Amino acid sequence: MMKYILNILKPKKSLKCAYAKGFVSTAFLLILLIVTSVATSLMITTINDLESLEYLKKIKLDTIKERLILDTFTCNLLNDKVEDFEIADLYVEVYESAGGYRLLSGDIDLEVYVENNRIVDYTH
């Protein structure tokens with residue numbers, strides 16, 4: 001084995017330069033495998049983080065819409081204008097229910113509980 005390793009570099013007789021025979025060490029393959037595994041793990045983690053970030057952005061946008069709807073409904077409730085309304089490209093339908101109102105706008109469905117013209121609680 002040692003003789004083979006020492007014979008890797010041989011002078012080429014015609015050009016008087018050294019050349020290496022094709023040889024890939026086990027250590028190189030092991031390091032390549034480790035680096036590839038780490039890079040793949042980082043890529044998968046990054047993809048999962050981006051999916052989580054998109055989901056959080058959707059939740060944030062839905063929360064902003066709900067807050068806008070509830071704030072506008074509160075103002076309308078205090079002014080005794082309990083009717084359908086439109087705010088920031090959201091058309092909100094208002095339905096009276098037991099103990100409060102139901103607010104519908106696209107994929108947002110809020111059940112609002114009211115006492116003395118004040119919102120006590122709401123559910124999704």
Side-chain angles (χ1 to χ4, degrees):
M1 178 78 176
M2 189 63 148
K3 182 178 176 184
Y4 177 73
I5 293 173
L6 293 176
N7 287 332
I8 290 175
L9 295 176
K10 291 183 178 179
K12 199 169 186 181
K13 293 182 176 142
S14 61
L15 297 177
K16 299 214 182 208
C17 65
Y19 69 94
K21 290 183 178 178
F23 177 75
V24 178
S25 67
T26 306
F28 173 77
L29 290 175
L30 184 62
I31 291 171
L32 180 65
L33 180 65
I34 291 171
V35 168
T36 305
S37 298
V38 169
T40 303
S41 298
L42 288 174
M43 183 180 67
I44 290 170
T45 303
T46 303
I47 289 171
N48 290 339
D49 289 346
L50 290 175
E51 288 174 356
S52 298
L53 184 62
E54 286 297 319
Y55 182 70
L56 288 175
K57 284 181 181 179
K58 182 190 177 310
I59 291 174
K60 180 181 176 183
L61 183 61
D62 287 347
T63 304
I64 290 170
K65 287 179 183 178
E66 288 176 7
R67 190 75 255 155
L68 187 61
I69 290 171
L70 288 173
D71 288 345
T72 305
F73 180 72
T74 303
C75 290
N76 289 348
L77 190 63
L78 291 173
N79 292 327
D80 293 326
K81 295 181 181 178
V82 181
E83 57 190 24
D84 296 351
F85 60 92
E86 188 172 352
I87 184 79
D89 296 333
L90 295 172
Y91 182 75
V92 182
E93 298 176 34
V94 180
Y95 299 101
E96 193 168 344
S97 66
Y101 297 93
R102 188 170 180 187
L103 308 175
L104 298 173
S105 175
D107 59 343
I108 297 174
D109 183 6
L110 299 172
E111 186 75 30
V112 180
Y113 302 100
V114 177
E115 286 182 8
N116 299 328
N117 283 343
R118 298 184 81 186
I119 296 177
V120 178
D121 194 13
Y122 73 94
T123 59
H124 302 272

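All values reported here derive from a predicted model rather than from experimental measurement. Note that these values count all heavy atoms, side chains included, but never hydrogens, waters or copies made by symmetry.
Within the 4.5 Å cutoff, no side-chain heavy atoms of V94 are placed close to those of E83. For the pair L70 and L103, the minimum side-chain heavy-atom distance is below 4.5 Å. Between F85 and I87, the closest side-chain pair of non-hydrogen atoms falls below 4.5 Å. Between V92 and T72 the shortest side-chain heavy-atom distance does not fall below 4.5 Å. Between E66 and L110 the shortest side-chain heavy-atom distance falls below 4.5 Å.
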Tell me which donor-acceptor pairs under 3.5 Å the side chains of residues 31-40 have, and how far apart each pair is, sequence neighbours excluded?
{"unit_1": "T36", "atom_1": "OG1", "unit_2": "L32", "atom_2": "O", "d": "2.7"}
{"unit_1": "S37", "atom_1": "OG", "unit_2": "L33", "atom_2": "O", "d": "2.9"}
{"unit_1": "T40", "atom_1": "OG1", "unit_2": "T36", "atom_2": "O", "d": "2.8"}

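Every ring-ring contact (aromatic ring centres under 6.0 Å, His included) that Y101 has, sequence neighbours left out, goes to F73. Under the salt bridge (Lys or Arg N to Asp or Glu O under 4.0 Å) criterion, K60 pairs with no residue at all, not counting sequence neighbours. By the side-chain contact (heavy atoms from CB on, under 4.5 Å) test, L50 pairs with T46, sequence neighbours left out.
Grouping the Ile, Leu, Val, Met, Phe, Trp and Tyr side chains by contacts below 4.5 angstrom, directly or via other members, places Y122 with L90. V120 and I69 are assigned to two separate hydrophobic clusters, defined by single-linkage of ILVMFWY side chains at heavy-atom distances under 4.5 Å.
Pairs passing the salt bridge (charged side-chain N to carboxylate O under 4.0 Å, His left out) check and including a residue from residues 45-54, sequence neighbours excluded, do not occur. For residues 95-119, every residue pair satisfying the salt bridge (charged side-chain N to carboxylate O under 4.0 Å, His left out) rule, not counting sequence neighbours, is listed here: R102-D109.
With values rounded to the nearest 0.5 angstrom, I47 atom CD1 is found 11.5 Å from L42 atom CG. The structure places CD1 of I119 at 12.5 Å from OH of Y113, a figure rounded to the nearest 0.5 Å.
S105 places no side-chain N or O within donor-acceptor distance of the main-chain N or O of I108, the cut-off being under 3.5 Å.
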